[in-house]
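I have placed the structure first, in the form of structure tokens, so that the comments after it can refer back to it.
Note that these values count all heavy atoms, side chains included, but never hydrogens, waters or copies made by symmetry. Just so you know, ligand 1 is whichever comes first in the structure, and atom 1 is the first atom listed for that ligand. Residue numbers run from 1 in the order of the sequence given.
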Amino acid sequence: MPVKTKPVPELVPGAQHPMEKYLRTDRIPHIWCSGCGLGTVLGNFLYALDELGWDPDSVAVVAGIGCTGRIPGYLRLDTYHTTHGRAIPFATGLKLANPKLHVVVISGDGDLFAIGGNHLIHAARRNLDLTVLCVNNFNYGMTGGQSGPTTPLDGRTTTTPFGNFEHPFNLVHLTASAGASYVARWTTLDGRRMKQGMVEAMTHKGFTFVEIIAPCPTNYGRRNKIGEGLDELRYYAQHAAIRHGADPKEAGIVPGKPFLVGKFVEADKPTYLEMYAAKAAEMGGPK
Ligand code: SF4
């Protein structure tokens, strides 16, 4: 028996979404599953860009591998989809070669904190002028739902079918401890706050970091009986507590318990490029 589907409404001929100018529409439809949080992240990044009003030629977006790593491919900007875990080295090269560029890294928890973890902590330590937007869905979604560095204790994944027994990273605490000058966390339920956090991170000097907690209903949600993407948003509504300025150590995530979101760190300190210029001047070299 044929499956009945609802007719897809036709777009008004010539009508455009105001954010379409930032999209490579020839790449749409996107690859993400129904209920995934990545569309919300992409949409809010476009609104953040629009609010900033930067010349698109002054922005470069870099990603590693994974479902999140597909975001830059949909952007009508200079974008780089790099090798696994190496988004930050590519971004570092771009920033050093052209310090006027606004360089943003958008990637997932596995890419940035497992194989790319060492790059991340050293970029934060140097306070290099980069913004890192990390979408955390607690597993490696693209490759089938394996456990990663943020999988909570007892979390079910394809590689931890009886429950994860490795302690997860608290990304807020880790980046703050490594030296980031701006650290925030939001969920995909907090669209406007997430967008505002992106704007703040992209305009704050130094290494800035925004963690975005997002549903992966296909892999993490299904295995952990969280339900569909909408059910996970309901979970955020019930469990996320906004606490600006909280101690990053308190930002650990334990399933079923309240967790903190908000702006944790906002510090003013010299960046890598400022320190480099000062040292070069001290040595009598070019500024
Ligand atoms: Fe999103 Fe998970 Fe599907 Fe990847 S596997 S597109 S993270 S829902």
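Side chain of N44 to backbone of T40: a donor-acceptor contact under 3.5 angstrom is found.
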Side chains of residues 248-265: which donor-acceptor pairs under 3.5 Å do they make with residues two or more places apart or in other chains?
from	atom 1	to	atom 2	distance (Å)
K263	NZ	E200	OE1	3.1
K263	NZ	E266	OE1	3.3

What side-chain donor-acceptor pairs closer than 3.5 Å can you find for residues 68-77, not counting sequence neighbours?
from	atom 1	to	atom 2	distance (Å)
Y74	OH	I31	N	3.0
R76	NE	L23	O	3.2
R76	NH2	L23	O	3.1

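Ion pairing of D50 with K21 is present here, as a side-chain N (NZ or NE/NH1/NH2) and a carboxylate O approach within less than 4.0 Å.
If you check the side chains of T79 and R24, you find a donor sitting under 3.5 Å from an acceptor.
For atom 2 (Fe) of ligand 1, the neighbouring protein N/O/S atoms at less than 2.8 Å, given as residue and atom, are C216 SG.
Residue pairs meeting the ring pair (Phe, Tyr, Trp, His ring centres under 6.0 Å) criterion with at least one member in residues 100-139, sequence neighbours excluded, are W54-H102, F113-F209, F138-Y220.
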